[in-house]
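The next block holds one structure in the form of structure tokens; read it before the comments.
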There are 2 protein chains.
Amino acid sequence: MLAINTSETSPYMQSFRQESRGGRALDDRLQQASERRLEAKEHVFCEGDQRTHVYRVEDGVIAIYKTLFDGRRRIIDFAYPGDYIGLGVLGEHIMSAQATCASKVRCFSASALESLAETDASLALKLYKSVCQDLVAARSLLVTVGQRSAIERVAAFLLALHRRGGEGSKGVVKLAMRRSDIADLLGLTIETVSRTLTKLREMQVIDVEQGGTTVKLRDVPRLADLANE
Amino acid sequence: MLAINTSETSPYMQSFRQESRGGRALDDRLQQASERRLEAKEHVFCEGDQRTHVYRVEDGVIAIYKTLFDGRRRIIDFAYPGDYIGLGVLGEHIMSAQATCASKVRCFSASALESLAETDASLALKLYKSVCQDLVAARSLLVTVGQRSAIERVAAFLLALHRRGGEGSKGVVKLAMRRSDIADLLGLTIETVSRTLTKLREMQVIDVEQGGTTVKLRDVPRLADLANE
DNA sequence: AACGAATTGTGAGAGTTTGTAACAGGGCCT
DNA sequence: AGGCCCTGTTACAAACTCTCACAATTCGTT
């Protein structure tokens, strides 16, 4: 979902990626696909909730996270339009899902999906490939978060967002989330994220625009160099 | 695979977990399952290799990792006996797989597996669930690595190994890997790993035995507290 | 247009980790 | 036995991030 390696850059799951981004991968056999709108910070589901549905993000960004005992929040993934959340869970959710900005999701009955998949190999394969995407995203993020310095992490994060945005974005990345969300994703504090963005700006690698909600990548090769990937 | 949340602790994939640990989950339809022995530091495959096979670990520990531009190594997962590696890859591998100690793997033809899965829903579902396990492991590790302090990370790592070992282990954890492997998994240096183990020993939470290759957990609740999960 | 709340940005000191270096221990070879 | 290599441990200075504090900006509401 964070998709540092998506269709363009990774040999994983190319065919399915296109299919799912098209938006009609899983749901054409499932009737009860209702829509749900969420405001920023509203939850799709929480840790411990019974897992009744699978969701496809239609609009916005959904943060998948886990709360630690001391109250800190560890974001594990951002789900963007076209991504599915809630796959691969059996009983109850062990992660929470929360909108970082105004968002929209489509809901599918999990039990209906599963019973269909038991006899439908192509659907089961789609589930497989969808989870493979998530796995690639999680491992990519693992590489990013394992980086030592704050600059490396932030640079890798911006690059990942840029790659996901595709070629049409022309280096303009909309963050669509707070500094705290970025910090909890990268394992940094909001102050460090803020300072690091300032440092990247001073290095003339990026421009921060629109009150910090949009980042323009001025020097992508340099950024990739800083990201060390 | 690191399996901080495995059958005991997570609602994910319980049924399959048992199935796959039994060892005969995917291969009973695949003839050409040859064995391969590896010495410590030998590779199963490397980044850029064509993906021809899927492997099941029979013995030992296989580290899945990615090499960064500056030569650092980021371990993304450890695969233990019963785990599959190489699933979910389409073209060429984007990660390397290397034995951390003397190991044994069984090789399955990837193309044979895939063509079978196209018409066999139950096999496709098994693939799905197997990758779900990996996803849970990756996300668990993400929580661990996102932790700030070295103690938290090492404590969580030891706990994960302990849970994987099962109840029979009686708090004795065999590391079966170098300090450098642990460091590259947790995003620390070998010195910090060593220092942290010493600190845990001084706190009387663990004992380090057999020349540092085995760790005995003296106070699991305390360790869980330190791990913050 | 103005106000208040929330978010973001910046600074200084404290704390932790890293990097460098030296040393100890075990295994293997001659 | 002795020497060599690899791994692991420990010490100390340097670098980095975190914490805490407060200023600046943005956004929504009045």
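Note that the structure is a prediction, hence the values are computed from the model and not measured. In what follows, every chain begins at residue 1, and chains take the letters A, B, ... in the order their sequences are listed.
Using the six-membered ring where Trp is involved, A/H53 and A/Y55 have ring planes that are tilted, between 30° and 60° apart.
OP1 and OP2 of C/dA6 both lie 4.0 Å or more from every side-chain N or O belonging to A/K41. Side-chain nitrogen and oxygen atoms of B/T198 include at least one within less than 4.0 Å of the OP1 or OP2 phosphate oxygen of D/dT10. Close to C/dT8, at under 4.0 Å from its OP1 or OP2, lies no side-chain N or O of A/S194. When the side-chain nitrogen and oxygen atoms of A/R148 are compared with OP1 and OP2 of C/dG19, one or more of them lie within a distance under 4.0 Å.
Nucleic acid contact for B/R201: sugar-phosphate only, since backbone atoms but no base atoms lie under 4.0 Å from a heavy atom of the residue. Residue B/T189 is classed as a sugar-phosphate contact, given heavy-atom separations below 4.0 Å to backbone atoms only. When heavy atoms are screened at a 4.0 angstrom cut-off, B/I190 is found touching no nucleic acid atom at all. Among the atoms of the strands shown, none is found under 4.0 Å from any heavy atom of A/K199.
Here the C1' atom of nucleotide D/dC27 and the CG atom of A/L175 are 17 Å apart, to the nearest Å. As a whole-Å value, the separation of B/E191 CD from C/dG19 C1' is 7 Å. Atom CG in A/L200 sits roughly 17 Å away from atom P in C/dT8 (whole-Å rounding). Spacing between atom CZ of A/R179 and atom P of D/dA24 amounts to 19 Å, rounded to whole angstrom units. Rounded to whole Å, the distance from CG on A/L186 to C1' on D/dC18 is 16 Å. Spacing between atom CG of A/D181 and atom P of C/dT8 amounts to 8 Å, rounded to whole angstrom units. Separating the CD atom of A/E209 from the C1' atom of C/dG9 is a distance of 17 Å, rounded to the nearest angstrom. Here C/dT8 presents its P atom at 11 Å from CE of A/M177, a figure rounded to the nearest Å.
Comparing A/R195 and B/E202 by the nucleotide of DNA chain D that holds the closest heavy atom to each, the one mapping nearer the 5' end is B/E202. Residue B/R178 is the one, among A/Q210 and B/R178, whose nearest nucleotide of DNA chain D lies closer to the 5' end (criterion: closest heavy atom). Mapping B/G211 and A/L197 onto DNA chain C by nearest heavy atom places A/L197 at the nucleotide closer to the 5' end.
Between A/R37 and A/D59 no salt bridge is recorded (no basic side-chain N to carboxylate O distance below 4.0 Å).
Screening B/R56, B/R106, B/R164 against B/D83 for a salt bridge (charged side-chain N to carboxylate O under 4.0 Å, His left out) leaves a single residue, B/R164.
Sorted by first and then second residue, the pairs that involve residues 172-187 of chain A and meet side chain to side chain donor-acceptor pair (under 3.5 Å), not counting sequence neighbours, are A/R73-A/D181, A/R73-A/D184.
Taking every heavy atom of both residues into account, B/H43 and B/Q98 meet most closely at CE1-NE2, 3.5 Å.
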